[in-house]
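As structure tokens, the structure follows; a few thoughts come after it.
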Number of protein chains: 2
Amino acid sequence: MNAGIGENPNREPCPDCLKLGKQLCFPLYACSREIVKKYKPYLDKLGLTYTQYITMMVMWERRQMSVKELGECLLLDSGTLTPLLKKLEQKGFVTRKRAHTDERILIVTLTEKGKQLAAKAVSIPDQMRSSLPLTEEEIRLLHSLLYKMLSKTVRGEAPKRQSP
Amino acid sequence: MNAGIGENPNREPCPDCLKLGKQLCFPLYACSREIVKKYKPYLDKLGLTYTQYITMMVMWERRQMSVKELGECLLLDSGTLTPLLKKLEQKGFVTRKRAHTDERILIVTLTEKGKQLAAKAVSIPDQMRSSLPLTEEEIRLLHSLLYKMLSKTVRGEAPKRQSP
DNA sequence: AACAATTTTATTGCATCCAATTAAATTAAT
DNA sequence: ATTAATTTAATTGGATGCAATAAAATTGTT
């Protein structure tokens, strides 16, 4: 009853939909930063930043990747990856070499030192996970919702000049 | 049967726990960036970046805030907010003045122009929401899980020198 | 009052991120 | 074979984020 009237005299209220607390984007953005911050003390011991860490994660799993493939895995472009990979190379964790068959392609390869770093990192995921105020079930649920969010409309949906 | 043997000859496999796909942090980090990217075309029309947008959201709601309070709302510190607020001031959306009673405190105030910007922003949240590959129910669930994640252990848990 | 501790912003430096542009190599078309 | 289009990295410029430090004002203590 009295739909909205009375609530809102004349002082240009903030529409409900524009309130920070109503947004999905904000907790996503804030959580992401808080989690990265939470990783820092652990990653400092490895000499990695968070972005370098997830890059190494891909390298531990795949050993060799082009910059393009890395970008597809991490959803990052060369503007981010090029300087980051140069730093990982400086630290001796990867090498960067052009492919013989196609000089455009830069192949990133895990070094022995990079491989050994995995051993030092192996305890991190559990420590992080157990420090979250979420149950295992909630973590699984969150994981799947986030991947669902990443899967379709969010990305892609590029220009698409023609019909499907 | 054959628990794990055969899967893994001798070539230092990547432990499962270190795989990118097993992490919660990565989809969180990636989603956050993808969502911000998705906002860009809308926010470009308003002349705002994403961080400026959520700052304006707080200002639309509260009208006046100190930098410290803004930082608490947005989980950002002065290193980020100071230059950002100077830009919002340059664009004429807010003013920045010291409090008379305490010169340390900088009061950020929404201007008329800033207030009017809300009208242009009001359609954005719905457009963003409807472009997500999630149901309303899933969005609510995600929202609550993210806030739960933000609530406790994730932040805070500072040094805590004494007993509770 | 004088000094110490605290609070609040601002500054600095480093590492992303991303859009836009460039450059080099390769492939496709004529 | 040339030229045109495409692909892949690198570069550039603008805006964060954040840790660490500094600076100014205020508050608390003696």
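Order of the sequence lines sets the chain letters (A, B, ...), proteins ahead of strands, with each chain counted from 1.
For Asp77(B) and dT9(C), the CG to C1' distance is 10 Å, given to the nearest whole Å. Asp44(A) places its CG atom 12 Å from the P atom of dA15(C), with the value rounded to the nearest Å. Distance Lys87(A) NZ to dC14(C) P: 10 Å, rounded to the nearest Å. In this structure, OH of Tyr29(A) is placed 13 Å from C1' of dT16(C), rounded to the nearest angstrom. Distance, Leu81(A) CG to dC18(C) P: 10 Å, rounded to whole Å. dA10(C) atom P lies 8 Å from atom CG of Leu85(B), rounded to whole Å. Leu76(B) has its CG atom 16 Å from the C1' atom of dT8(C), to the nearest Å. The NZ atom of Lys86(A) sits 18 Å away from the P atom of dC17(C) (whole-angstrom rounding).
One finds a salt bridge joining Asp16(B) and Lys19(B) here, because a Lys/Arg side-chain nitrogen approaches an Asp/Glu carboxylate oxygen to under 4.0 Å.
Closest-nucleotide positions on DNA chain C for Gln52(A) and Arg104(A) were compared, and the one nearer the 5' end corresponds to Gln52(A). Taking the nucleotide of DNA chain C with the nearest heavy atom to each of Asp102(A) and Gly79(A), the more 5' of the two is matched to Gly79(A). Between Ser78(A) and Lys37(A), the one whose closest nucleotide on DNA chain D sits nearer the 5' end is Ser78(A).
His143(A) places no side-chain N or O within 3.5 Å of a backbone atom of Glu138(A) that could act as its donor or acceptor partner. For the pair Thr82(B) (side chain) and Gly79(B) (backbone), a donor-acceptor distance under 3.5 Å is absent. A donor-acceptor contact shorter than 3.5 Å links the side chain of Thr49(B) to the backbone of Gln52(B). In this structure a side-chain-to-backbone donor-acceptor pair under 3.5 Å is present from Thr111(B) to Phe93(B).
From the 5' end on, the contacts that DNA chain D makes with chain B at under 4.0 Å to a non-hydrogen atom open and close at dA15(D) to dT26(D).
Ser32(A) comes within 4.0 angstrom of no nucleic acid atom, judged by non-hydrogen atoms across all strands.
Distances shown here put every side-chain N or O of Thr80(A) at or beyond 4.0 Å from the OP1 or OP2 atom of dC17(C). Put simply, Lys40(B) has no side-chain N or O that comes within less than 4.0 Å of OP1 or OP2 on dA19(C). Taking side-chain N and O atoms only, Arg96(B) has a distance below 4.0 Å to OP1 or OP2 of dA10(C).
Residues Arg33(A) and Leu76(B) meet the side-chain proximity criterion, which asks for heavy atoms closer than 4.5 Å.
Under the 30°/60° scheme for interplanar angles, the aromatic rings of Tyr39(B) and Tyr53(B) are found to be tilted.
Here dT9(C) is the nucleotide among dT9(C), dC17(C), dA19(C) with the atom lying nearest to any side-chain atom of Ser66(B).
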